[in-house]
Chemist: 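This structure is in structure tokens; I'll ask about it shortly.
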Amino acid sequence: MTDAALGSLLPLAVAAPLAGAAVSPLVARLWPRLALVASLASLLTSLGLLIAAAPAVFGGRVLVHYLGGWVPVRGSALGIAFAADPFGLAFALLSAGIGTLLVLYTLSELGGLGARELGGYAALVQLLLAGLIGAALTADTVDLFVWFEVAALASYGLTGFFLERPPALEAAFKILVLTTIAGFCVFIAAGLLYNTHGALNYGQLAKSLAGPLRTADLLALGLFIAGFGTKAGLVPFHGWLADAHTAAPGPVSALFSGLMVNLGVVGIARVALQIYAAAHTVVLGALMVIGLCSALIGACLALVQDDLKRLLAYDTVSQVGVMTVGLASGSPAGVAGGVYHLINHALFKTLLFLCVGAIVHRTGQTQLSRMGGLARAWPGLAAAFGVGVASIAGVPPFNGYASLGLIHSGLRDSGQYVPYAVLLVAQVVTIAALGRAGWLAFLKPRGESYGQREKLRPGMRISLGTLAACCVLFGVVPGYVLDHVADPAASALLGSGQYVAAVLNQGGMVTQLHTGFSYVDLQELVVAVVSVVLGVLVAWQSMRRKTPRALELLRAAHSGSVNDYAGYAVGGIIVVVAAFML
């Protein structure tokens, strides 16, 4: 197929889940589970369309489609463009693929719900996934805001899906408040750039911003970072995240943590590395600070949690910080590692949240202090959870080892040793938090029986097995993933000039970077081993001794009050904007 024909498939990849969202509540009236079957069909259609474009895109081509046939005239874009570069297509494929697995899992876990509930659930999931795919493929700032809002609106309904539970309604209100602030920031930023430069297209904006930045440009930059930082759950915009993950059903928590927060990372990468590429020194410095704070604070908060869902949610804050540090390093290895870690995070965090969903489904428990002995009761579930923990811990041959190694290499090669040291500390604390959770939930002896040992249903086994296998596969063959996905994506982000030319000229090519990764890098192997040993020691000490005063104060600051979280977010917006404008 020609590039134009492949490009014309891109809007259909978004239209398929939108159509599925409209159809699902209707077919649910015939048979409740038919809503989820229709969802599987629509998501597989979207996945197939994206796979059809993958060989060309990951080969270095940027496919572009102008909605309504409104092609740019003399470098000025008159309409909305969809542009599939390797970075955007990687996230779109993740969204469609993992979304399919989550719907399959839901058929087993929530398939007993009524027609109205399953129809509404299926529609909301597909709307959220359509928003994620649309945000990954668009090349227009206001269209990006639109897909941001589509995903946000769906997330409100999914968070409060079980309205009879008071925590669900409260969590939905919190995510509504925080995400509304974020959406306001993104919309005002896009409006400021349009008012100043008369452009919404990424490529046209990047060309116009190549010169000295004006006050409005810097204000827009700060608002973009704050808005997308809120969606990503970066500190200090992360207040909504733990409550939303805890209140939502297991598959929804997996969807939020594995995919939705990554939308914020995608937005930050577009703004920092493509739209504001000429001002990368200022942008990347601020992102490095935010990323390091998120990595360390998120890990510390995870260490002091008793609720397993909240622990994983705060670990998401930490892992998003790690991705941000990789992107902010500005080096080819660091950026490729950041992209690789985004992919890995979608896999291992989805796996872990589905494991927790299975635990809740069987035992009704999320408190670690009330668990124990799960490995003996359900060894398969314990094995899947262990794969996820080993992946986050960066243990070879699991996938986290490769992406963390690339980020570390990027920081070392560019002489950024302080961020490297902070990231290593965050990694040790992360291993301690997850190791403690693994011991308390699965390995600690438990005298009381959990009662009848229900087996994992087929859809649950397929989803967990597929995700666990991917965590292993993406770690065993890092060279393939790096050469065919992460390096092309990093090339599109760092080669912003070629991306800009492609978006404004109905397609083009991006020169491929080749970063390389070696499993036998002695330094990285030593770092992995020492991190695991220190993490186990910290976990052991955390269970034997009283929580340090500093961590108690940090936990107390997360009071659960929406007023506090909104205050943190507004304060963060002011600080970020001031940092760019002063």
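Note: hydrogens, waters and symmetry copies are ignored here, and every other heavy atom, side chains too, is used.
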Chemist: State the OG1-OH distance between Thr350 and Tyr105, to the nearest 0.5 angstrom.
Modeler: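 So the gap between those two atoms works out to 11.5 Å.
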Chemist: Measure the NE2-CG distance between His341 and Leu404 for me, rounded to the nearest 0.5 Å.
Modeler: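 Rounded to the nearest 0.5 Å, the NE2-CG separation comes out at 5.0 Å.
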Chemist: For Phe398, give me all partners under ring-ring contact (aromatic ring centres under 6.0 Å, His included), at least two apart in sequence or on another chain.
Modeler: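 Partners of Phe398 under the ring-ring contact (aromatic ring centres under 6.0 Å, His included) test: none.
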Chemist: Hey, does Leu301 have a side-chain heavy atom less than 4.5 Å from the side chain of Val317?
Modeler: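 Sidechains of Leu301 and Val317: no contact.
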Chemist: Could you tell me if the side chain of Met460 sits less than 4.5 Å from the side chain of Leu354, heavy atoms only?
Modeler: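 Leu354 does not reach Met460 side chain to side chain.
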Chemist: Would a distance-only check, ignoring hydrogens and angles, find a side-chain to backbone donor-acceptor pair under 3.5 Å from Ser24 to Ala21?
Modeler: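 No: the side chain of Ser24 does not pair with the backbone of Ala21.
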Chemist: Using modelled atom types only, decide if a donor and an acceptor are shared between the side chain of Gln274 and the backbone of Ala492 within a distance under 3.5 Å.
Modeler: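 At least one qualifying donor-acceptor pair exists.
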Chemist: Honestly, is Lys231 close enough over Phe148, meaning NZ or CZ under 6.0 Å from the six-membered ring centre and within 45° of the axis?
Modeler: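 Yes, a cation-pi geometry.
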Chemist: To the nearest 0.5 Å, what is the distance between CG on Leu263 and OG on Ser95?
Modeler: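 Separation between the atoms: 8.5 Å.
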Chemist: Between atom OG of Ser329 and atom CE of Met288, what is the distance when rounded to the nearest 0.5 Å?
Modeler: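 Taking OG in Ser329 and CE in Met288, the distance rounds to 6.0 Å.
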Chemist: Quick one, Ile392 with Gln319, criterion side-chain contact (heavy atoms from CB on, under 4.5 Å). Give me CA distance, side-chain angles, the key distance, then yes/no.
Modeler: CA-CA 9 Å; Ile392 297 178; Gln319 297 305 312; 3.5 Å; yes
Chemist: Got Arg436 and Val538 here, is their nearest side-chain heavy-atom distance under 4.5 Å?
Modeler: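 Arg436 does not reach Val538 side chain to side chain.
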Chemist: With a 6.0 Å cut-off (strictly less than), is the heavy-atom count around OH of Tyr194, excluding the residue itself, greater than 12?
Modeler: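 For Tyr194, atom OH is not crowded (no more than 12 foreign heavy atoms under 6.0 Å).
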Chemist: So Ser257 and Thr316, side chain to side chain donor-acceptor pair (under 3.5 Å) or not? Walk me through it.
Modeler: CA-CA 6 Å; Ser257 188; Thr316 294; 2.4 Å; yes
Chemist: With heavy-atom distances below 4.5 Å as the criterion, would you say the side chains of Lys349 and Asp315 are in contact?
Modeler: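 Yes, side chains in contact.
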Chemist: So Thr230 and Ile181, do their side chains get closer than 4.5 Å, heavy atoms only?
Modeler: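 With C-beta onward as the side chain, the pair stays apart.
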Chemist: Side chains of Val389 and Phe348: does their closest heavy-atom pair fall under 4.5 Å?
Modeler: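 The answer is no; the side chains never approach within 4.5 Å.
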Chemist: At what distance, to the nearest 0.5 angstrom, does NZ of Lys444 lie from CG of Leu368?
Modeler: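 These two atoms lie 8.5 Å from each other.
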Chemist: Can you find a pair of side-chain heavy atoms, one from Tyr565 and one from Asp243, that are under 4.5 Å apart?
Modeler: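 Touching, per the 4.5 Å side-chain cut-off.
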Chemist: Looking at every heavy atom in both Ala384 and Leu351, which two are closest together, and how far apart are they?
Modeler: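 Minimum heavy-atom separation between Ala384 and Leu351: O-CD2, 3.4 Å.
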Chemist: Could you tell me whether a side-chain N or O of Thr159 sits under 3.5 Å from a main-chain N or O of Ala172, the two making a donor and an acceptor?
Modeler: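 Pair absent, no side-chain N/O of Thr159 close to backbone of Ala172.
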Chemist: Which residue in the set Leu352, Leu102, Leu101 passes side-chain contact (heavy atoms from CB on, under 4.5 Å) when paired with Leu467?
Modeler: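 So, applying the side-chain contact (heavy atoms from CB on, under 4.5 Å) to Leu467 and each of Leu352, Leu102, Leu101, only Leu101 qualifies.
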Chemist: For Val320, does its backbone N or O pair with a side-chain atom of Thr324 as donor and acceptor, under 3.5 Å?
Modeler: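 Flag set: sc Thr324 to bb Val320 pair under 3.5 Å.
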Chemist: Could you pull out the closest heavy-atom pair between Pro419 and Leu292, with the gap in Å?
Modeler: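 Where Pro419 meets Leu292 most closely, the heavy atoms are O-CD2, 3.6 Å.
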Chemist: Less than 4.0 angstrom from a charged side-chain N to a carboxylate O is my criterion; do Glu552 and Arg555 meet it?
Modeler: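 Salt bridge present between Glu552 and Arg555.
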Chemist: Quick one: closest heavy-atom pair of Val265 and Ala232, and the distance?
Modeler: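 In this case the closest contact between Val265 and Ala232 is N-CB, 4.0 Å.
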Chemist: Using 0.5 Å steps for rounding, measure from the CG atom of Leu221 to the OH atom of Tyr276.
Modeler: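 It is 5.0 Å, given to the nearest 0.5 Å.
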Chemist: Applying side-chain contact (heavy atoms from CB on, under 4.5 Å) between Leu218 and each of Leu223, Leu213, Val577, report the one that passes.
Modeler: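 Answer to the side-chain contact (heavy atoms from CB on, under 4.5 Å) test with Leu218 among Leu223, Leu213, Val577: Leu213.
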Chemist: Go through Tyr202 and Leu144 one step at a time and tell me if the side-chain contact (heavy atoms from CB on, under 4.5 Å) criterion holds.
Modeler: CA-CA 10 Å; Tyr202 293 170; Leu144 176 61; 3.4 Å; yes
Chemist: Between Val304 and Leu311, is the side-chain contact (heavy atoms from CB on, under 4.5 Å) condition met? List the steps.
Modeler: CA-CA 8 Å; Val304 295; Leu311 185 154; over 6 Å; no
Chemist: What's the verdict on side-chain contact (heavy atoms from CB on, under 4.5 Å) for Leu464 and Leu381, showing C-alpha distance, side-chain angles and the deciding distance?
Modeler: CA-CA 8 Å; Leu464 291 171; Leu381 189 61; 4.1 Å; yes
Chemist: Side chain to side chain donor-acceptor pair (under 3.5 Å), that's the test. Do Ser39 and Gln126 meet it? Break it down for me.
Modeler: CA-CA 7 Å; Ser39 302; Gln126 289 175 96; 2.9 Å; yes
Chemist: For a quick test of reading the model, state the closest non-hydrogen atom pair linking Leu342 to Asn262 and the distance between them.
Modeler: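 Minimum heavy-atom separation between Leu342 and Asn262: O-ND2, 3.6 Å.
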Chemist: Is there side-chain contact between His558 and His238, with heavy atoms separated by less than 4.5 Å?
Modeler: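 Side-chain contact under 4.5 Å: yes.
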Chemist: Checking Ser369 against Gln367: is there a side-chain donor and acceptor pair closer than 3.5 Å?
Modeler: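 Result is no, nothing qualifies.
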Chemist: Which pair of non-hydrogen atoms, one from Leu234 and one from Ser294, has the smallest distance, and what is that distance?
Modeler: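 Looking at all heavy atoms of both residues, the shortest contact is CD2-OG, 3.4 Å.
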Chemist: Would you check if the distance from the ring center of Tyr568 to the ring center of Phe237 is below 6.0 Å?
Modeler: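 Between Tyr568 and Phe237, the centre distance exceeds or equals 6.0 Å.
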Chemist: Give the minimum heavy-atom separation between Phe145 and Gly183, together with the two atoms involved.
Modeler: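 Closest pair (atom of Phe145, atom of Gly183, distance): CE1-O, 3.3 Å.
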Chemist: Within the distance-only criterion (no hydrogens, no angle test), does the side chain of Ser542 pair as donor or acceptor with the backbone N or O of Ala539 below 3.5 angstrom?
Modeler: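 Such a contact is found between Ser542 side chain and Ala539 backbone.
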Chemist: Okay, side chain of Thr179, backbone of Ala182: is any donor-acceptor separation there less than 3.5 Å?
Modeler: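 Pair absent, no side-chain N/O of Thr179 close to backbone of Ala182.
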